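Report on one structure; see the data block that follows.
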Amino acid sequence: MDTHLTIISPLSWVQDAFKNYFDKAHMTDSSHLATVQRPVTRTEATQPESDNSSENGKDCNQTTRHWNVTYDYGFEPIHAIKADDVIWITADLLIAQNTWRARHSLPPILLEAPSADWLASLPKTLTGRTVITTTVSEIRKWDKLPNGLGERPWSQLSLGRVPEFRAAQRSLTELQRDLRDAPDDSSITVNTHVADITEEWCVIIRNGQAVASSGYCVHLSPDEDSHDILTVFDNAKFHDSYRAIAESTATAAAQASQLCDASILVGFRNTNVADEGITDQPLNANPNDSQPKKLVVEKSAVKKSTAERSAAESSSTNTQSLISTLQGTEDARQFPISSPQEQQPVQQSPMMSHSSTLSLQPQEPVPSSSAELPEALILEADPVWCTTPYPYETLEETNAFLDAIADARLRQDADGTLRNQLGNVIAPVDVYSSDPWMVRHAAHRYDRF
């Protein structure tokens, strides 16, 4: 199956990250400039379902994708986007593109995304804090902060970002001041600030299941007002034992909210897990290179591939107990996971054989004692079609990330029926809806075209 993937971003390092995905598969890179096509072929590793659909209505048939990749900086609207094209695009450029399309009587680009109130809809066992999503007009009426938020809660635009209202801690006075010029119907998420986050992981969700994960950042300062972090692109080191917990927590959140395709950010609060000998080696060690570093991670203990672990966990009553516990109990800090004896042996994926940077040694088991486990909590969810292209450990995870982006492309029939990129009817999902504040910033970008 031929699949056209268009990467639309003004950031050259984003394009380089996607090019690196295909280079890792030992494909020839014939493109050096934006808008130049480069054919890439690979086989999707999904499992066929007997009813040709997943529980969420997404097609899971085994298929072969022949990727044709186009890179574009988004300096002007793209005329040739087809209904079945796959798109990675920033939210502001999507708004600009759809505004231009509406002006030329073209149908909008429909993409799946978490709803504005997604985080607030989750049980507190998953968020670990009080979360409220409301409109600017309602916040202007507040004479005090709602119970449970604390004196200076974290606040941000629910869908996207605008430069004059970055995600930050604010008192009620500061919050109302910073929203003075905001549209009345913009959606704002306000939640209790968690001061002791030490590490954050990004988990890719496809069809409601974790299919890939990567450390995102570590927090360098205990100061609750500090934004001092080190990211994976800057040689940050992560506890690999957190990976399985991050994926299980993200899967629990996806299943609790019927979220199909997205990325979920999971935070950790416990620093008692010992360093596991992770070493990070930059691919490009040029000291004059100011772009974020792309990393190849060599680990003394390499995890099982995500797909293999997901298959094992799907039949594990302990993992189901974990998900049930996270979704329905009052204490998310203590929850069971499978013991080391129940871990399946590591099997080398055929795709892993392409990468010479992975040391295929037995996996060091995740600690089974609840006293050793960090507290995991859901920080936020984002559309997968604008999620940072992280340096995933295996090609299998990279493929799953690309497949999730493909699944998030939607089209709608005249009767309102939603179809995925393969043209198959899917169950209802949340379609991205632009926040009015972001529309104000981005809608007129292509007015001269």
Side-chain angles (χ1 to χ4, degrees), residues 3-19 31-38 67-116 136 156-166 181-187 261-263 291 382-389 402 405-406 408-414 418-421 430-449:
T3 303
H4 192 112
L5 170 63
T6 301
I7 311 298
I8 308 173
S9 173
L11 301 175
S12 60
W13 74 266
V14 170
Q15 298 188 11
D16 290 343
F18 278 98
K19 291 176 183 178
S31 67
H32 302 284
L33 300 173
T35 72
V36 177
Q37 285 193 359
R38 177 167 115 251
W67 291 99
N68 294 300
V69 186
T70 298
Y71 302 96
D72 193 281
Y73 287 110
F75 296 148
E76 59 185 66
I78 301 176
H79 297 246
I81 296 178
K82 298 179 181 178
D84 58 350
D85 285 352
V86 176
I87 299 173
W88 189 99
I89 187 172
T90 59
D92 58 334
L93 289 179
L94 176 64
I95 293 170
Q97 185 78 34
N98 276 339
T99 302
W100 175 84
R101 290 175 69 89
R103 192 164 64 248
H104 291 272
S105 301
L106 297 172
I109 297 170
L110 301 180
L111 298 171
E112 181 186 345
S115 62
V136 169
Q156 64 190 68
L157 198 64
S158 301
L159 295 172
R161 302 289 184 267
V162 290
E164 63 266 48
F165 191 74
R166 67 184 181 90
D181 296 324
D184 287 345
D185 51 348
S186 280
S187 178
D261 304 296
S263 64
Q291 298 299 324
D382 296 296
V384 69
W385 43 264
C386 61
T387 292
T388 300
L402 296 173
I405 296 173
R409 178 68 199 276
L410 307 172
R411 62 176 185 259
Q412 194 169 38
D413 295 344
L418 284 175
R419 297 181 182 274
N420 63 8
Q421 186 265 342
D430 289 308
V431 179
Y432 176 73
S433 177
S434 307
D435 186 272
W437 208 348
M438 285 200 69
V439 171
R440 178 190 292 177
H441 277 271
H444 301 289
R445 184 188 297 265
Y446 298 144
D447 279 358
R448 65 188 181 92
F449 295 99

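Keep in mind it's a predicted model, so treat the numbers as computed, not measured. Side chains included, hydrogens not; waters and symmetry mates left out as well; all remaining heavy atoms used.
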Inset, instruction - Assess whether side-chain contact (heavy atoms from CB on, under 4.5 Å) is satisfied between Y71 and D16, documenting all intermediate values. - result: CA-CA 10 Å; Y71 302 96; D16 290 343; over 6 Å; no
Legend entry - Non-hydrogen atoms of I8 and G74 that approach each other most closely: CG2-CA, 3.9 Å
Legend entry - Listed partners of A113 passing side-chain contact (heavy atoms from CB on, under 4.5 Å), at least two apart: P383, W385, Y432
Inset, instruction - Indicate the atoms forming the closest heavy-atom contact of D430 with S115, along with that distance. - result: OD2-CB, 3.7 Å
Inset, instruction - Could you check if a side-chain atom of Q412 sits within less than 4.5 angstrom of a side-chain atom of P107, using non-hydrogen atoms only? - result: no
Legend entry - Test item: Q97 side-chain N/O and I78 main-chain N/O as donor-acceptor pair under 3.5 Å: yes
Inset, instruction - Kindly compute the distance separating OG1 (T3) from CG (D84), expressed to the nearest 0.5 Å. - result: 8.0 Å
Legend entry - Distance (rounded to the nearest 0.5 Å) between D261 CG and L410 CG: 8.5 Å
Legend entry - Heavy-atom side-chain proximity of V384 to E112 below 4.5 angstrom: no
Legend entry - Reported CG-to-OG1 distance for the pair L5 and T70, which is rounded to 0.5 angstrom: 8.0 Å
Legend entry - Heavy-atom side-chain contact between L11 and T90 under 4.5 Å: no
Inset, instruction - Taking side-chain contact (heavy atoms from CB on, under 4.5 Å) as the test, write out the residues that go with R445, two or more places apart. - result: D92, L93, A96
Inset, instruction - Give, for atom CG of L418 and atom CZ of R411, the distance between the pair rounded to the nearest 0.5 Å. - result: 11.0 Å
Inset, instruction - Verify, without hydrogens or angle tests, whether Q156 (side chain) and R161 (backbone) share a donor-acceptor contact under 3.5 angstrom. - result: no
Inset, instruction - Would you indicate whether the side-chain heavy atoms of D447 and R103 approach each other to under 4.5 Å? - result: yes
Inset, instruction - Under the side-chain contact (heavy atoms from CB on, under 4.5 Å) rule, what do H4 and I81 come out as? Steps first, then yes or no, please. - result: CA-CA 9 Å; H4 192 112; I81 296 178; over 6 Å; no
Legend entry - Rounded distance [0.5 Å steps], CD1 in I109 versus CD1 in I89: 5.5 Å
Inset, instruction - Indicate yes or no for a side-chain donor-acceptor contact from R409 to the backbone of D85 under 3.5 Å, with no hydrogens or angles considered. - result: yes
Under 3.5 Å, sequence neighbours excluded: what are the donor-acceptor pairs made by side chains of residues 433-440?
from : atom 1 : to   : atom 2 : distance (Å)
D435 : OD1    : S186 : OG     : 2.8
D435 : OD1    : W437 : N      : 2.8
D435 : OD2    : S187 : N      : 3.0
W437 : NE1    : E164 : OE2    : 3.1
R440 : NH1    : D181 : O      : 2.7
R440 : NH2    : D181 : O      : 3.4

Legend entry - For the student: nearest non-hydrogen atoms of T387 and W88, plus distance: O-NE1, 2.9 Å
Inset, instruction - State, to 0.1 Å, how close Q15 and D72 come at their nearest heavy-atom pair, and which atoms those are. - result: NE2-O, 3.4 Å
Inset, instruction - If the plane angle is over 60° it's perpendicular, under 30° parallel, otherwise tilted; pick one for F449 and Y446. - result: perpendicular
Inset, instruction - Check for a donor-acceptor pair, side chain of D382 on one end and backbone N or O of S263 on the other, with a separation under 3.5 Å. - result: no
Inset, instruction - Measure the OG1-CG distance between T6 and N68 for me, rounded to the nearest 0.5 Å. - result: 10.0 Å
